[in-house]
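Model, not experiment: these values are computed from the prediction.
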Amino acid sequence: QVQLVESGGGLVQPGGSLRLSCAASGIVFRIYTTGWYRQIPGKQRELVAVVSSGGSTDYANSVKGRFTISRDNAKSTVALQMNSLKPDDTAVYYCYAGRSGTRNDYWGQGTQVTVSS
């Protein structure tokens with residue numbers, strides 16, 4: 001019933017830009033915290049950027065000043081604008097939606113971002 005579908009991943013050169021988008025269905029999107037996590041093989045999945053239902057944002061220190069998260073509740077979408085990409089940004093990026101204090105965490109299928117060097 002719940003589905004998060006990412007798009008926009010791909011191959012980009014260091015210093016380049018990429019924009020990820022995620023479309024949610026099956027939830028009342030506006031009341032959810034939503035955002036992006038990423039995972040490199042052999043490492044823990046880590047938070048990249050998140051935006052709360054109230055519009056407040058949090059970013060990983062490694063992406064501050066380079067990435068911008070935004071949401072459109074009318075379209076039930078969340079986007080991640082990634083600028084000044086580095087090879088260390090290479091990962092599978094996962095869209096996330098959840099509600100604090102609940103067990104309802106939802107994940108997209110993941111989209112590969114590769115920054116060449």
Side-chain angles (χ1 to χ4, degrees):
Q1 180 176 325
V2 177
Q3 194 169 21
L4 304 177
V5 181
E6 302 102 333
S7 62
L11 175 65
V12 65
Q13 293 185 338
S17 297
L18 209 59
R19 188 174 190 269
L20 305 182
S21 185
C22 172
S25 60
I27 60 172
V28 183
F29 183 75
R30 63 177 175 82
I31 69 173
Y32 278 74
T33 294
T34 187
W36 297 88
Y37 288 68
R38 66 187 181 189
Q39 189 166 26
I40 299 169
K43 298 182 180 179
Q44 295 284 301
R45 189 174 297 185
E46 65 173 349
L47 183 146
V48 178
V50 66
V51 54
S52 75
S53 60
S56 62
T57 59
D58 286 297
Y59 295 89
N61 287 334
S62 60
V63 308
K64 286 182 179 177
R66 300 189 297 121
F67 292 9
T68 303
I69 190 169
S70 61
R71 68 188 297 166
D72 186 337
N73 289 331
K75 297 181 179 179
S76 295
T77 59
V78 59
L80 185 69
Q81 178 65 46
M82 304 185 293
N83 298 325
S84 302
L85 282 161
K86 306 174 180 179
D88 285 349
D89 295 319
T90 295
V92 178
Y93 284 70
Y94 295 91
C95 182
Y96 164 83
R99 299 188 66 202
S100 181
T102 77
R103 296 179 180 268
N104 297 334
D105 293 337
Y106 302 108
W107 298 92
Q109 80 283 0
T111 185
Q112 178 71 46
V113 172
T114 302
V115 185
S116 66
S117 61

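- When all heavy atoms of Ile40 and Ala91 are compared, the closest pair comes out as CG1-CB, 3.9 Å.
- Distance OG/Ser76 to CD1/Ile27: 7.0 Å, rounded to 0.5 Å.
- For the pair Gln81 (side chain) and Arg19 (backbone), a donor-acceptor distance under 3.5 Å is absent.
- Put simply, Tyr93 and Val5 are part of two different groups of oily side chains (I, L, V, M, F, W, Y) that touch within less than 4.5 Å, one to the next.
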Would you check, one step at a time, whether the test side-chain contact (heavy atoms from CB on, under 4.5 Å) holds for Ser100 with Thr33?
-> CA-CA 8 Å; Ser100 181; Thr33 294; 5.9 Å; no
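- Residue Leu47 is found in a hydrophobic cluster whose other members, listed by chain and number, are Tyr37, Val50, Val92, Tyr94, Tyr96, Trp107; membership requires side-chain heavy atoms under 4.5 Å apart, directly or through intermediates.
- Distance alone, capped at 3.5 Å, places no donor-acceptor pair between the Gln112 side chain and the Gly9 backbone.
- Within the model, atoms CZ of Phe67 and OG1 of Thr57 stand 14.5 Å from one another, a figure rounded to the nearest 0.5 Å.
- Rounding to the nearest 0.5 Å places OH of Tyr32 at 11.0 Å from OG of Ser53.
- Hydrophobic clustering (side-chain heavy atoms under 4.5 Å, transitive across Ile, Leu, Val, Met, Phe, Trp, Tyr) groups Val28 together with Tyr106.
- Sorted by first then second residue, the salt bridge (Lys or Arg N to Asp or Glu O under 4.0 Å) pairs that include residues 87-108, not counting sequence neighbours, are Arg38-Asp89, Arg66-Asp89.
- Between atom CD of residue Gln109 and atom CG of residue Leu4 there is a gap of 8.5 Å, rounded to the nearest 0.5 Å.
- Between Ser17 and Asn83, the closest heavy-atom pair is OG-OD1, 2.9 Å.
- Counting heavy atoms from C-beta outward, Asn104 and Val2 have side chains that stay 4.5 Å or more apart.
- Residue Leu80 is not grouped with residue Leu11 when hydrophobic side chains (ILVMFWY) are merged at heavy-atom distances under 4.5 angstrom, including chains of intermediate members.
- Proximity of a side-chain donor or acceptor of Thr90 to a complementary backbone N or O of Val115 within less than 3.5 Å is detected.
- A cation-pi geometry, defined here as NZ or CZ lying under 6.0 Å from the six-membered ring centre and within 45° of its normal, holds between Arg71 and Phe29.
- Annotation: side chain of Pro87 is not in contact with side chain of Ser116 (no heavy-atom distance under 4.5 Å).
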